[in-house]
Structures are given as C-alpha cells and as structure tokens.
Amino acid sequence: MDAKTTILKGIQAKDEELSYIAKEIWDHPQVALQEDFAANLLAEKLAAAGFAISWGAGGMDTAFIAEWGAGAPIIGFLGEYDALPGLSQALSSERTPLETGGAGHGCGHNLFGTACMGAVLALKETLEQGGIPGTIRFYGCPAEETLVGKTFMARDGVFDDLSAAISWHPGDSNIAWNGSSLAMNSFKVNFHGVAAHAGGSPWLGRSALDGVMLMDAGVNYMREHVPPESRIHSVVTSGGQAPNVVPAFAQVWYFVRAPEREQVERMYQWMCDIAQGAALMSGTRHEIEFLTGCYNLLPNDVMSDLLYEKMAEVDDMAFSAQERDFAKALQATFPEGSVRRGFDWMRLSTSEELDAAAMGDPLWEGVFPHSPTPPLMGGSTEVADVSWIAPTGQISTTCWPLGTPGHSWQTVAASGSSIGAKGMLFAAKAMALAGYDLLTKPALLVAAKAEFTRARGDRRYNTPLPPAARPQ
Ligand SMILES: [Zn+2]
C-alpha cells in the first residue's frame with residue numbers, strides 16, 4: 001500500500017471515533033480559556049498514540065502541544081476547540097437552545113481540533129511505517145474566538161522552529177484560503193470620574209460616561225482619515241447605573257482592524273490620544289486595558305496550491321438526501337440575503353466560473369480552485385500571527401449549508417450534525433496528505449519558505465502584546 005492510500009485508509013478507519021470525539025466536544029461546549037473538556041480529550045488520544053504532551057503554552061491552562069518524531073522538518077497542525085457564549089442549540093432546524101443562555105459551537109471548533117488530530121494520527125502511523133524522519137506537532141490552541149490563544153502562544157515562541165503550519169476551518173465550500181484577513185487590536189478604556197447627585201449637586205461630579213461618549217465622538221471623526229478597509233467597532237460595557245447618579249465609572253471596549261499590522265498600530269495610537277483628550281474634556285481620568293491583538297494573514301501560494309491539490313485528490317465528499325433536506329431547512333431560517341452573500345463570496349474566491357443556478361444547492365461537495373486575486377476577509381484570526389512566523393496554509397471544507405451566517409445557532413446545528421462530521425473527515429484527509437508531502441518532498445518546503453521570505457520582506461513578527469498583557 002502506498003503512503004497516500006495508507007493515510008486515506010487510516011483516516012477513514014477513524015471515521016467513527018473522530019465523529020464521536022467531535023460530537024462529545026459539541027456536547028460539552030466551553031468558551032475561551034475554559035476548554036478543559038476538549039483539550040483533555042484530544043490530548044489523551046494523542047498521548048495514547050505516543051505523542052509527547054506539554055501543557056500551558058502562552059500561560060493558558062487549556063493550551064497544549066502534542067509532538068511525535070524527531071528532527072527537521074517540523075510540520076505544525078493548528079487545532080482549535082473553543083465555543084461561543086449564548087449559542088446553545090439542539091440538532092434542529094428550529095431555534096431550540098439545549099441550555100438557556102449556554103454556550104454552543106457556533107464556529108464549528110468541535111470539528112476543527114478533531115480534524116487536525118485525525119490528520120496527525122494518520123500521518124504518524126504512515127511515517128512510522130515508512131521510517132520517514134521529521135517531526136509532527138499538534139497545537140491545541142484555545143481561545144480563538146477572543147483572538148487570544150495563538151497570539152499568546154506566539155509570544156512564547158512555540159511556533160518559532162516550525163518549517164510550515166497547516167490549518168483549516170469549517171465552512172460552506174471546499175477551497176484553499178489564499179486571501180488575507182484584517183490585523184486588529186482589542187482594548188478597553190476605563191474612565192474614572194466623581195459620583196454626585198445628578199439633580200442636587202451635579203457641579204460636584206465628573207461623569208465617566210461623558211469620557212466614553214467624547215471618546216466615541218473622537219473616534220467617529222477619525223474614521224474619515226483611516227484606510228477604507230478599516231473596521232472600528234465598540235460596545236459600552238459599563239455606562240453608569242441610574243440617570244440620577246453621575247457615573248463614577250464607565251468603560252468602552254474597542255476592536256480596531258485594518259489590512260496591515262502597522263496601520264492598526266497607528267490607529268491604535270491615535271485612539272489612545274483620543275482617550276486622553278476625552279479624559280481632559282470630561283475632567284476624568286482614564287486607563288487603557290490592552291486585551292489582545294493579531295496580525296493580518298500572510299498568504300502563501302505554495303501552501304495553498306498544495307492543499308488545493310490534496311483536496312482535489314481526495315474529492316470524495318457525498319451528502320445524503322436527508323442531509324440535503326436538513327441543510328435546506330436550516331437555510332430557510334437564515335436572514336434574507338445570506339445564501340446570496342455566501343455564493344458571492346465563493347464566486348470571488350474561486351477561479352472557476354460559477355453559474356448562479358449552483359446557488360440552489362445547499363451543500364457543495366466539489367473542490368474549487370482558489371482565485372489568484374482572492375477577496376480580503378473583513379474578520380481577523382490569530383492564525384495570521386503564525387503565518388508571519390512560518391509558511392502557513394489553510395483550507396475550508398463544507399461543514400455547513402451555503403450561506404450559513406457565522407457565529408449563529410444554525411452553525412451550531414450544522415457543526416453537530418453528520419454534515420459537519422463529513423466536512424471534518426474530508427479536511428483531515430487533505431491536511432494529512434499535505435503534511436506527508438511537506439515531510440517527504442524537500443523542494444516543496446524550500447519553495448514555501450522562499451515565498452514566505454519574499455512576502456515578508458524586511459518585516460518581522462513582533463508580538464502585538466505589551467509585556468504586561470496576560471490571557472483573559
Ligand atoms: Zn472559528
């Protein structure tokens with residue numbers, strides 16, 4: 001049996017076990033930095049297969065690294081497993097929380113970590129049989145949803161010796177990602193004023209809420225003068241408790257995003273100045289709590305092309321009539337325009353001509369070649385931080401109906417269903433095959449590294465985190 005067949009058979013043989021694990025994690029959704037159920041379950045399986053486990057990278061209890069093999073090259077697989085608050089949902093096409101207010105896998109990370117584990121398990125068996133040198137590493141990355149996990153792990157240097165990194169994300173189509181994402185900073189600004197009776201003696205008070213509102217006004221004036229693709233969004237997490245008390249404390253939480261890391265840094269500095277101005281104007285005092293930040297993705301065509309080629313080799317995705325019915329029923333609950341948006345995104349992402357008639361298909365089984373000029377993602381991911389340290393490739397596979405809104409209860413339902421399990425198995429196969437090629441065809445790594453070096457130019461990964469920042 002050749003290596004490719006061994007890998008594909010190895011993963012297929014694990015179908016039931018991987019689906020069971022993904023469902024177990026789905027059944028025990030835990031939000032960022034609390035994912036001990038998923039982390040323990042995955043680490044246990046990897047340890048049983050002979051991987052050496054080390055815990056606590058980046059100062060996070062639910063982060064771990066599982067390693068097998070020795071020497072170069074070192075291929076890393078990035079797995080995630082955190083859930084989202086408030087999205088608890090049954091396996092149903094109607095909104096039915098399993099636990100009111102509970103968490104749910106609204107980004108499919110129950111599948112995400114499990115597929116990467118499946119890939120490294122099958123790869124290890126094949127390398128062992130063939131006596132092939134090199135190291136494979138599974139990175140158990142917590143807290144992706146808060147953009148904390150990999151940023152703090154990267155600050156610890158755990159990706160520094162990687163030859164290449166492979167990852168994926170559940171999605172609504174089978175395609176390699178070769179576009180970029182937005183860099184970002186997440187921070188809170190606390191304003192401290194002086195409490196006073198708002199009717200009796202307002203002149204004795206200083207409103208912390210005024211500080212927040214003036215800051216927001218300043219930020220909105222800044223918007224005109226930042227790169228057009230930038231995104232600035234905020235929530236007021238504390239604004240006082242009653243109108244008749246001048247608020248002594250108020251807090252606003254910002255995300256600031258832009259296509260390049262240095263643009264985010266400039267905008268962030270400007271926002272720090274605005275905060276200071278707002279404090280002066282309102283007669284309050286302020287401090288900034290830096291939560292986290294991340295880079296923009298540095299795409300690598302060698303890695304994207306390899307992953308595409310592997311998906312095209314696997315190309316065995318097939319959904320049942322029952323799964324299509326469930327997908328259609330879910331689609332019927334999407335906000336208007338969602339399927340169109342999913343289709344338009346796909347059309348921009350692939351070099352293949354897509355017929356609008358294809359929009360009627362709720363589950364896309366085919367593998368699409370990626371466009372040489374992919375669109376820029378409006379969101380952010382800390383996979384991007386790894387992409388500035390080592391050549392990084394990513395794919396999405398069909399785990400959800402076309403147009404499924406991100407971070408929604410519909411995503412939870414699809415990620416817990418057999419649709420999600422099929423997408424997971426498909427991703428595991430393509431990633432394992434790509435890992436095998438990277439370990440056995442030195443020219444591939446040389447090409448990936450050359451492109452990485454060219455694209456990075458004289459820029460170097462420099463953690464966005466201030467030294468005092470801790471994962472929270
Ligand atoms: Zn996600």
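Whatever order the structure lists ligands and atoms in, that order sets their numbers, starting from 1. Every heavy atom of this structure was used, including side-chain atoms; hydrogens, water molecules and symmetry mates were not. Here the structure is a predicted model, which is why all the values come from computation and not from measurement.
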Contact between C399 and S415 at the side-chain level, heavy atoms closer than 4.5 Å - yes or no? no

Do the ring planes of [X] and [Y] sit parallel (below 30°), tilted (30 to 60°) or perpendicular (above 60°)?
| X | Y | answer |
| --- | --- | --- |
| W68 | F51 | tilted |
| F159 | Y139 | tilted |
| H169 | W400 | perpendicular |

Could you enumerate the protein N, O or S atoms under 2.8 Å from the Zn ion (ligand 1), written like residue then atom name? C107 SG, H109 NE2, H169 NE2

So that I can tick it off, tell me whether R266 and E262 are bridged by a salt bridge, with the cut-off set at under 4.0 angstrom between side-chain N and carboxylate O. no

Looking at F187 versus Y254, is the centre-to-centre ring distance below 6.0 Å? yes

